[in-house]
Amino acid sequence: MFKVVKWLVLAVVILGLAVTAVVYGVLAVSLPALDGKGRSHNVNHEVKISRDQLGQAVVFAESRNDAAYGLGFAHGQDRFFQMDLLRRNAAGELSELFGKAALDLDKKMRFHQLRKRSAAIVKQLPEADQALLTSYAAGVNEGLAQIGFTSFEYLLTGAEQQPWRSEDSLLVIYSMYLDLQTATFERDQALIQIADIYGSDMVSFLTQPSQYQAALDGSKLPPYTLGIPELPKQALQAVLNIDANQERGSNNWAVTGQLTSTGAGMLSDDMHLSMAVPVIWYRAQLNFTTKQGKQRQVTGVSLPGAPAIVVGTNNDIAWGFTNGYLDTADWVALTDSTKTWQEVEQIALPDGTSEQYSLTLSEFGPVREINGNSYALSWVGHQPYAVDMDLLQLEHATTVDDALLIASDVGIPVQNLMVVDSQGNAAWKNMGALPGRTNPTALAVSASDYSARWQHNEQQRPALKNPPDGRLWTGNSRVVSAQDDLRFGNGGYALGARATQIRDRLYEKQQFNEADFNQLQHDNQARFLQPWHSLLLKQLNKNSVVNQQYIKELENWQGCACATSIGYTLVRRYRDEIINSVFSAMQATLQTQGGSLKYVKRDLEPAIWQLIEQQPDSWLNPQFADWDAQLRGAFSQVVSKLTTEFGANMQSWQWGKVNELVIEHPFAQQIPQLSKLLNMPTAPGFGDSYMPAVQGRSFGVSQRFIAQPGHLENAIMAIPGGQSGHPLSPFYRTGFDDYIAAKATPLLPQALTHEIIIAPLNTF
């Protein structure tokens, strides 16, 4: 019997090793070659694609078109499946890969008809831009073809790799529109529903200005003075969890040369996005000759699928972005006389069949039903000027003034451009597509008030160069003046706590270097939660004997989103539970209409404090006898939920464990056996939403960039993941450990270790 068991165990081990060998064998044959020579009729001169020890792609070319080919080649080798997901997501074509499980998402995206819009825009681009996109697409397809074997993602899905087309690069830009601006029109929809159910006074109360305002001119919005509206009688029900929409945004700041030892301006930029494997950004350096015969070197991060360096430097200027959150969408109330029509979209499935999606359209945009009424979405993303290739012009700018001139014409989701130059200048301006209409509103507009200026990109927009104190900052909250806010509107601004903390930190010093900026990027001091900490401690001290262990943790909470802090977890969760308790009735009512407070939750901070301080009876959750009971009950919910999620041992409630950073490959959840191979290592949580060090469980700082143009030897670019999307690549995880350790990963390429040479077809 013992021998039988022994042989069975041995057989299982051998079988496991055989399966592992097969998996690694299949993966190994799909690894791209990083060295070699080739020929192509898609380049005019020799193109070199080198990699350094991090896998950063360094392209040497004689023209910008050939450089686009080289970048496309590297993207096609390292990131094609990621690019495929981005274009399919924007176009609503994921069902062709993943079947009916993706149908709902595809229908949501087909509402925007972005494949049709991309194809139309490509034809309208200048010939030079069309040629550049053609060169890039050729590079992508030839880089993919070089691998010679289908990657494991397509083997698992059974799908075929479709060639890259020029319009796909525009779809990748549209994927960023959807990521960065969906919250704008979803927030407007929620506010329309709230106004319909509770009245416009309720909307004013919920969206009132907060104390956290950090406009660059120091202006404040007028305070809310209308009082707390009555809430209709609440029915007894369970407390609902109100999800918060993640703030797709970023931090950036800059100082002029008067605050650096070199005399150059210095920029910091960190963009906040959902994190997955591979990380969204791709490190690259482009070296090419301009049409004027000048040598140009551009270093930074690119978005796989597009031929531009999105954030980076050409050593004359350095630039970065944060999401602008200006109002770029309106819902137009339709009447029975409004002309509408139907179009049918065919959504392909893996078996060759398709699912039909019927879409209602109007002259104002696609139509959705809200609270039983028809509204059309007029969104900047639907306009012909939404997407273009003008971002590439930043590569040729030599001064801040050059960059500011470019800003109004660039077709990207509207951003806060922060730019500095080697001469010591620093400036901010809104860059990207911005509708020319002058009557932005968070509620619906009537068809008669719809402005034809929606068809025009706004050219006149605010900017600020070289402020007297030499400091600039943005953090997704209102940057424009209170006066300009009336013109450009609120598209879902961040609360402002993060931006005010950055601003205040910048005034703590009179001289800065890269290490100072890197330290500020990692600032996790919990300034925003201080009032909530005091409130919770006050409540717990009313029964100090029973709450002794919790009081101890609060007194030792360290005042930061630190990995070992239990008190931070308690305070953070307490705020959430009070909001859940107080607003559950409204959330329940909205849910009956297909709505939610999700996209409004970031606005609720001033309103919830007024409710806590004034304690109106109509807002008391009927589960509780009085407001003190409600405030105590919220903490009981915190303890109950933490115990359910992490166990009764309070050591497991440390913020580093509750907010653990988990960066996963899209297939890891579906195939857990591959998780160790595919995922990044987990890391203790070290930040949160309302502080410069933004970090969630799978969300946060997607890159850290710090640079002084003309002095790039100390410039930093840290990314939470490697260059390659192939799990057996030596560059799959390179840079991740340094990112977690807050090290200053160099921006500039280090020693080049690999080289591919692509020559024109008529050579060799």
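Ring-plane geometry between H665 and F81 is classed as parallel, the angle between the planes falling under 30 degrees on a 0 to 90 degree scale with a further cut at 60. Using the six-membered ring where Trp is involved, Y177 and Y174 have ring planes that are tilted, between 30° and 60° apart. Relative ring orientation between F288 and H396 is described as perpendicular, the plane-to-plane angle rising above 60° on a 0-90° scale split at 30° and 60°.
Residue W319 holds its CH2 atom at 7.5 Å from CD1 of I309, rounded to the nearest 0.5 Å. The distance from the CE atom of M176 to the CD1 atom of I412 is 9.5 Å, given to the nearest 0.5 Å. A distance of 4.0 Å separates OG1 in T682 from CD in E660, rounded to the nearest 0.5 Å. Separation of atoms CD (Q285) and CG (L71) is listed at 12.0 Å; rounding is to 0.5 Å. One distance of note links CG of N323 with CG of N476; it measures 6.0 Å at 0.5 Å rounding. Rounded to the nearest 0.5 Å, atoms CZ (R283) and OG1 (T299) are 9.5 Å apart.
Of the possible polar contacts, one joining the D66 side chain to the N44 backbone as a donor-acceptor pair under 3.5 Å is found. The closest donor-acceptor contact from the side chain of N287 to the backbone of V59 lies under 3.5 Å. For T290 (side chain) and K294 (main-chain N/O), a donor-acceptor pair under 3.5 Å exists by modelled atom type. In this structure, the side chain of S302 engages the main chain of Y282 through a donor-acceptor pair within 3.5 Å. Here the side chain of D269 pairs no donor or acceptor atom with the backbone of N252 at under 3.5 angstrom. T157 places a side-chain N or O within 3.5 Å of a backbone atom of E153 that can act as its donor or acceptor partner. Using a distance-only test at 3.5 Å, with no hydrogens or angles considered, no donor-acceptor pair links the side chain of Q521 to the main chain of D270. Proximity of a side-chain donor or acceptor of D388 to a complementary backbone N or O of G411 within less than 3.5 Å is detected. At distances below 3.5 Å, not a single donor-acceptor pair connects side-chain atoms of D179 with backbone N or O atoms of S175. No donor-acceptor pair closer than 3.5 Å links the side chain of D421 to the backbone N or O of D316.
Applying the ring pair (Phe, Tyr, Trp, His ring centres under 6.0 Å) rule to pairs touching residues 40-64 yields nothing, sequence neighbours excluded. Sorted by first and then second residue, the side-chain hydrogen bond (donor to acceptor under 3.5 Å, both in side chains) pairs with a member in residues 694-710 read T262-Q708, W281-S702, E514-Q708, H522-R704, N659-Q695; sequence neighbours excluded.
Between I49 and I758, the closest side-chain pair of non-hydrogen atoms falls below 4.5 Å. Counting heavy atoms from C-beta on, the side chains of L303 and V172 come closer than 4.5 Å. No side-chain heavy atom of D52 sits less than 4.5 Å from a side-chain heavy atom of H754. Side-chain contact check for F517 versus L267: every heavy-atom pair is 4.5 Å or farther apart. Looking at heavy atoms from C-beta onward, V301 lies in side-chain contact with I719 at the 4.5 angstrom threshold. Between Q161 and F80 the shortest side-chain heavy-atom distance falls below 4.5 Å. Using a 4.5 Å heavy-atom cutoff, the side chains of K107 and I347 are in contact. Between S268 and M266 the shortest side-chain heavy-atom distance does not fall below 4.5 Å.
Partners of H711 according to the ring pair (Phe, Tyr, Trp, His ring centres under 6.0 Å) rule, which considers only residues two or more places apart in sequence or in another chain, do not exist here. With sequence neighbours excluded, no residue forms a side chain to side chain contact (heavy atoms under 4.5 Å, CB included) with A276. I147 is linked by a side chain to side chain contact (heavy atoms under 4.5 Å, CB included) to S30, P32, L144, counting only residues two or more places apart in sequence or in another chain.
Residues L85 and P666 come closest through the heavy atom pair CD1-CG, 4.4 Å. Residues F152 and L678 share a closest heavy-atom pair of CZ-CD2, 3.8 Å. Between L392 and A308, the shortest heavy-atom contact is CD1-CB, 3.5 Å. The heavy-atom pair separating I317 from L394 by the smallest distance is CD1-O, 3.6 Å. Across H112 and L178, no two heavy atoms sit closer than the pair CD2-CD2, 3.8 Å. Closest of all the heavy-atom pairs between H726 and Y732 is O-CD1, 3.1 Å.
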With a cut-off of 3.5 Å and sequence neighbours excluded, list every side-chain donor-acceptor pair involving residues 736-746.
from, atom 1, to, atom 2, distance (Å)
Y739, OH, V701, O, 2.6

For this session: Could you give me the CA-CA distance, side-chain angles and deciding distance for T313 and L712, then say whether side chain to side chain contact (heavy atoms under 4.5 Å, CB included) is met?
Result: CA-CA 9 Å; T313 177; L712 298 183; 3.7 Å; yes

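In summary, of the residues considered (R115, K116, R117), a salt bridge (Lys or Arg N to Asp or Glu O under 4.0 Å) with E167 occurs for R115 alone. Each of M109, R110, K108 was checked for a side chain to side chain contact (heavy atoms under 4.5 Å, CB included) with Y357, and the lone residue meeting it is R110.
With salt bridges taken as basic N to acidic carboxylate O contacts below 4.0 Å, one links R64 and E395. A salt bridge does not link D84 with R79: none of the charged nitrogens is closer than 4.0 Å to a carboxylate oxygen. Between D78 and R51, at least one side-chain N (NZ, or NE/NH1/NH2) sits under 4.0 Å from a carboxylate O, which counts as a salt bridge. Checked for salt-bridge contact, R39 and E142 miss the test: no charged N lies under 4.0 Å from a carboxylate O.
H75 and W164 have their aromatic ring centers separated by at least 6.0 angstrom.
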